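Note that the structure is predicted; figures quoted are calculated from it, not measured. FYI, the numbering just counts along the sequence from 1.
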Amino acid sequence: MHLAITMDQKKTIKVWNCQDRDALAILRMPESCYGMEAYLTKDGPFLTVGDAAGNIYTFTLPGLRDVSKVTASQYGIVFLHCSPDKKWIFACGTYRRTLPQVFLTESLLRPSEGSAPLSTSLPHKLCVSACWTPKVKNRLTLMSQNNMSPLICSFAELFRLFWFPCFPSEF
């Protein structure tokens with residue numbers, strides 16, 4: 001089965017079987033959603049969604065059954081990226097003074113009652129983009145820029161951060 005996941009302006013998430021006209025699941029969200037990431041783990045397929053209020057929701061696929069909700073920020077979550085080994089979820093908000101966070105995927109998929117999921121904040125403000133480095137396990141490439149500086153690239157590996165400036169012509 002091939003799935004497509006959409007979000008409309010009415011804050012509705014729909015899961016589609018690409019061979020049918022009708023949606024397999026429909027879920028109306030309380031806030032607008034900016035970031036969505038679908039991924040497959042040993043426990044099955046999941047969808048993680050970041051909303052305008054700074055919440056991160058995790059749902060099963062294709063049924064959109066609620067697994068967890070985490071308040072990650074006071075501001076909207078724009079970027080959500082699952083690591084290639086599915087162990088980590090990177091989340092970054094819209095407000096430039098908030099720090100990006102990395103969550104242990106397992107703690108979002110199996111939340112403990114009364115405790116926050118395992119996560120860490122990365123000391124990297126003004127994040128404009130990020131991606132997991134495919135050949136190096138657990139390494140993120142973060143890009144930031146403000147109006148007064150060139151593009152800055154950083155690597156976050158587990159909980160260490162190494163900074164070096166790079167310019168768009170070097171990519």
Side-chain angles (χ1 to χ4, degrees), residues 2-7 13 15 18 29 31-61 67-109 116-171:
H2 296 280
L3 300 178
I5 303 157
T6 61
M7 165 63 96
I13 297 174
V15 178
C18 293
M29 297 295 290
E31 300 284 339
S32 294
C33 297
Y34 302 128
M36 293 194 302
E37 179 80 351
Y39 49 96
L40 181 63
T41 71
K42 64 181 177 7
D43 297 322
F46 294 91
L47 175 68
T48 298
V49 178
D51 75 8
N55 298 308
I56 297 174
Y57 296 86
T58 302
F59 304 103
T60 61
L61 284 174
V67 175
S68 68
K69 175 189 172 188
V70 174
T71 300
S73 172
Q74 297 176 338
Y75 307 97
I77 302 294
V78 175
F79 301 119
L80 283 173
H81 299 297
C82 190
S83 64
D85 62 3
K86 313 301 187 252
K87 288 179 72 173
W88 306 99
I89 299 269
F90 170 80
C92 186
T94 56
Y95 188 64
R96 292 190 171 259
R97 295 186 193 266
T98 59
L99 297 175
Q101 291 179 280
V102 177
F103 290 87
L104 182 65
T105 305
E106 185 72 22
S107 67
L108 294 175
L109 299 179
L118 183 62
S119 70
T120 188
S121 295
L122 301 175
H124 185 84
K125 292 183 181 177
L126 307 170
C127 184
V128 294
S129 189
C131 64
W132 291 95
T133 308
K135 292 187 179 184
V136 181
K137 207 175 199 177
N138 300 327
R139 180 181 283 179
L140 264 170
T141 302
L142 304 164
M143 287 164 264
S144 65
Q145 186 172 28
N146 66 26
N147 295 338
M148 304 303 288
S149 72
L151 184 67
I152 303 293
C153 292
S154 307
F155 295 103
E157 189 168 351
L158 294 176
F159 303 115
R160 298 175 303 193
L161 198 61
F162 304 98
W163 299 82
F164 70 93
C166 64
F167 301 91
S169 61
E170 296 177 17
F171 287 101

Point to revise | Minimum-distance pair of heavy atoms, taken over all atoms of Thr133 and Leu140 | key: OG1-C, 4.2 Å
Point to revise | Set of side-chain contact (heavy atoms from CB on, under 4.5 Å) partners for Pro84, sequence neighbours left out | key: Trp132
**Study point:** Euclidean distance, Phe59 CZ relative to Leu47 CG, rounded to 0.5 Å
**Key:** 7.0 Å
Exercise for review: Working to the nearest 0.5 Å, report the span between OH of Tyr57 and OG1 of Thr48.
Suggested key: 13.0 Å
**Study point:** Of all pairs that satisfy salt bridge (charged side-chain N to carboxylate O under 4.0 Å, His left out), the ones with a partner from residues 37-52, not counting sequence neighbours
**Key:** Asp43-Arg110
Exercise for review: Locate the shortest heavy-atom distance separating Leu80 from Val49; write the atom from each residue and the value.
Suggested key: CD1-C, 3.5 Å
Review point. Between atom SG of Cys131 and atom CG of Leu142, what is the distance when rounded to the nearest 0.5 Å?
Key: 8.5 Å
Study note, to complete from the structure: Note: Phe103 and Ser119 closest approach over all heavy atoms is CD2-CB, 3.4 Å
Check your understanding: To the nearest 0.5 Å, how far apart are CG in Leu99 and CG in Leu122?
Key -> 8.0 Å
Exercise for review: Taking side-chain hydrogen bond (donor to acceptor under 3.5 Å, both in side chains) as the test, write out the residues that go with Ser121, two or more places apart.
Suggested key: none
Exercise for review: Could you tell me which non-hydrogen atom of Gln101 sits nearest to which non-hydrogen atom of Ala72, and how far apart they are?
Suggested key: OE1-O, 2.7 Å
Check your understanding: Going by heavy atoms in the side chains, are Phe46 and Leu108 under 4.5 Å from each other?
Key -> no
Practice item. Could you tell me which residues satisfy side-chain contact (heavy atoms from CB on, under 4.5 Å) with Leu104, sequence neighbours excluded, listed by chain and number? Key: Trp88, Glu106, Ser107, Leu118
Exercise for review: Provide the full list of salt bridge (charged side-chain N to carboxylate O under 4.0 Å, His left out) pairs with a residue in residues 68-88, sequence neighbours left out, each pair given once.
Suggested key: none
Review point. Can you tell me how far the OH atom of Tyr39 sits from the OG atom of Ser83, to the nearest 0.5 Å?
Key: 10.0 Å
Revision key, fill the gap. The reported gap from CD1 in Ile13 to CD1 in Ile5 (rounded to nearest 0.5 angstrom) is 8.5 Å
Point to revise | Ala116: partners by side-chain contact (heavy atoms from CB on, under 4.5 Å), with sequence neighbours left out | key: none
